[in-house]
Number of protein chains: 2
Amino acid sequence: MLDRTSPVSIKIVAERAGVSTATVSNVLNGKTSVSPVFAERVRRAVDDLGYVTDSSASRLRSGRHSLAGVVVPNLTNPMFSAFVSTLECVARQDGFDLLVVSCDNEAEQEAERLRSIRSWRPAGLIVIPCDGALSARLPKGGHPRIVVADRIPDDAGFDLVAVENALAAGAMASHLAAQGYRTCLVAGSTLEISNVRERWDGVAAVAPESVHMVECGLDPAGIHRRLRDRLRQGPRPDALFTLDHVTTLIAYQLLAELEISIPDDMGFASFDDTEWMRLVTPPVTAVRQPVEDMAHAAWAQLMRRMAGGDGAPEHLRLSCAIEIRGSTLRPKREPKNAAA
Amino acid sequence: MLDRTSPVSIKIVAERAGVSTATVSNVLNGKTSVSPVFAERVRRAVDDLGYVTDSSASRLRSGRHSLAGVVVPNLTNPMFSAFVSTLECVARQDGFDLLVVSCDNEAEQEAERLRSIRSWRPAGLIVIPCDGALSARLPKGGHPRIVVADRIPDDAGFDLVAVENALAAGAMASHLAAQGYRTCLVAGSTLEISNVRERWDGVAAVAPESVHMVECGLDPAGIHRRLRDRLRQGPRPDALFTLDHVTTLIAYQLLAELEISIPDDMGFASFDDTEWMRLVTPPVTAVRQPVEDMAHAAWAQLMRRMAGGDGAPEHLRLSCAIEIRGSTLRPKREPKNAAA
DNA sequence: TTGAAAGCGCTAACAG
DNA sequence: CTGTTAGCGCTTTCAA
């Protein structure tokens, strides 16, 4: 799009203040000292004209960036929007603006979006990748600084901030077992997503016999159908443990639809804790991921890299809390050590 | 931050392909025709080097922008994150990247963020303003193209896309009255926010006698306190109608806390429909705002302006649907014409 | 302390 | 069809 109302440039400001553009720049950036008289004249002109330095031009000349990018699978998932929200907040505090991009959970889109975000020459990128093959979507020789968050890429060469998926999922499995749930169905989008895989592994490690996994995919209609079929056919499990937000949401509605009552007919637990889980009756037991901490840690790591840190890739794993609520507390049995 | 791993420039590509930079540019932009042989050589070099045009430099020279900005009060409110999400999606389809900025519902932050976003010289801005005084936060003489969404600024000079607040709120009031709720308490953040004001006006116009308004503020703790005090003191209203998402959420939890049962002890309705309202028991009656449509319309309007449209400001009002659910259906009375 | 001039990466205009 | 040149807005020498 062509710019019609061309904004004021440093030249206009300089003219108005009766100084050179260099002086305006010096006043604004405070590098070289400028006489109080000139400085004041410049500041007035800047105010009068509502001038703001053109960041692109500034970067072009100085090499100093003040833009960062974030790539997420989508923004409707509250987990991702909380992540972006926190990131935007901390980035701002460090003087960075944030280019936000989502890719609809599609690798191809992601590749395309990464290209387009790279065109802005950001100081760095924070990426929650669609799948493990992130590095295939970046130029071979030298890509921009990247910190990967949440989902684990195949390539261990990236800085990474994620959560202890297996540990938390295992703990949830233990909790279910302790509550007397014997057969547990575990439902998640797809094992191709690393943290779904890690969560499943965590469950399987704790309870190798009585659990089964169903991969429901990413599309809501498909999730509903597959899960419904699975619950109708064969013996009904004691408990359902869903491994991601979308699956959880659909599963919860499906149980109501099938008139399976929680927690009597079936225990219900979720990986990923959202607002509504505290509001429904009974409230839903969930693994609470430290999303804000993840965003903070990812940004901090990026800043470290930007400051010149060039050691080996750092892999950080944050631990999750388990929020035990009514959906996994069988009223008919005496709970052994139930919280809340 | 200084760039250490300087990315490939068009010069490098030109060298590698053995052509001039102008030719590379021509191949990439497809303006002037280039011989197939050269074009192929260029494309290979581009691929090999993973080159992406520097958008800032490109804009600087050509005046063509491919960046837009969006300013919202915050990103944790699902309404705003849905708005941004949709916007990001449609902007991408038109070849624009999106700078996303939130301001914590604070006018000062907003002013500061607007400055910083203007420094990127975006093709246009879409703003959900904190309060009515948006124009005070923009340079007097000629600001960037702006489309305002959701909240109504005092200055009618902006293009605007919002919803029929009064109409929808009035319809909800009528529904409550039809259900036999006589005294209704209306709760919202603050009447300083235009659409809260419009919603309240809408209710007041329909039921001038039996309704009262309580302004709860923007801070969660304050909302909880003020609303609790109001519900404890004086005669308890038949119904509670909350005018924004945060107030709704806190009010819903508060009713549980006070052991006020819905819809028997009190009817409950919300302006702004979110996921959980369908999941709880009974589900919550709500005004559903067409957030996605708003985002589409705002973007379309911005595109029209970018294409040179310079008529009078356009003010678009979209209508809302009322989702009648269990929280406003009194089981003890025979409903006159209740849906679902 | 100040300003003139060069140049960041790119594209538009024009010459060959 | 191709390359040379100029200049977008800015910051950084460097000379005055």
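The chains referred to below are lettered A, B, ... by the order of the sequence lines, with proteins before strands, and numbering in each begins at 1.
- Computed from coordinates, the His65(A) NE2 to dC10(D) C1' distance equals 14 Å when rounded to whole Å.
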Asp310(A) and Arg304(A): CA distance, side-chain angles, deciding distance, salt bridge (charged side-chain N to carboxylate O under 4.0 Å, His left out) verdict: CA-CA 9 Å; Asp310(A) 53 351; Arg304(A) 242 171 275 133; over 6 Å; no

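- For Asp150(A) (side chain) and Ile128(A) (main-chain N/O), no donor-acceptor pair under 3.5 Å exists by modelled atom type.
- Contacts of Thr53(A) with the nucleic acid, taken as non-hydrogen atoms under 4.0 Å apart, involve only primed sugar atoms and P, OP1 or OP2.
- Comparing dG7(D), dT4(D), dT12(D) by their closest approach to the side chain of Asn26(A) singles out dT12(D).
- Note: CZ (Arg121(A)) to P (dC10(D)) measures 20 Å, nearest angstrom.
- Regarding Lys11(A), its NZ atom lies at a distance of 16 Å from the P atom of dG3(C), rounded to whole Å.
- The distance between atom CD1 of Ile10(A) and atom C1' of dC8(D), rounded to the nearest whole Å, is 13 Å.
- Checking dC10(C), dC10(D), dT2(C) against every side-chain atom of Thr32(A), the shortest atom distance belongs to dT2(C).
- The residue among Ala39(B) and Val24(A) whose nearest nucleotide of DNA chain D is located toward the 5' end is Ala39(B).
- When each of dT11(C), dT11(D), dG3(D) is scored by its nearest atom to the side-chain atoms of Thr23(B), the top-ranked nucleotide is dG3(D).
- Under 4.0 angstrom from either OP1 or OP2 of dT11(D) there lies at least one side-chain N or O belonging to Ser25(A).
- Contact annotation: Ser20(A) side-chain N/O to dG3(C) OP1/OP2 distance is under 4.0 Å.
- Of the candidates dG3(C), dT11(D), dT1(C), the closest approach to any side-chain atom of Val19(A) belongs to dG3(C).
- When the nucleotides dT2(C), dT11(D), dG9(D) are ranked by their closest atom to the side chain of Asn29(A), dT11(D) comes out on top.
- Rounded to a whole Å, the CZ atom of Arg59(B) is 18 Å from the P atom of dG7(D).
- Looking at the side chain of Ser33(B), the nearest of the listed nucleotides dC1(D), dG3(D), dC10(D) is dC1(D).
- Side-chain proximity of Ala22(B) to dT12(D), dA12(C), dC8(C): nearest is dA12(C).
- The shortest side-chain heavy-atom distance between Asp97(A) and Ile117(B) does not fall under the 4.5 Å cut-off.
- Nearest heavy-atom pair, Ala123(B) versus Arg145(B), reported as atom, atom and distance to 0.1 Å: O-NE, 3.1 Å.
- Remark: C1' of dC10(C) and CD1 of Ile12(B) are 14 Å apart, rounded to the nearest angstrom.
- One atom, CG of Leu60(B), and another, P of dG7(C), lie 17 Å apart when rounded to the nearest Å.
- Rounded to whole angstrom, the span from the CD atom of Glu15(B) across to the P atom of dT4(D) amounts to 13 Å.
- Taking all atoms of both residues into account, the shortest heavy-atom contact from Arg113(A) to Cys103(A) is CG-CB, 4.4 Å.
- Contact check, Ser62(B) against dT11(C): no side-chain N or O comes under 4.0 Å of OP1 or OP2.
- Met303(A) has its side chain out of reach of Val90(A): every pair of non-hydrogen atoms, C-beta onward, lies at least 4.5 Å apart.
- Picking from dT2(C), dG9(C), dT4(D) the nucleotide with the shortest atom distance to the side chain of Phe38(A) gives dT2(C).
- For Arg61(B), counting side-chain heavy atoms from C-beta on, the closest listed nucleotide (dA6(C), dT2(D), dA6(D)) is dA6(D).
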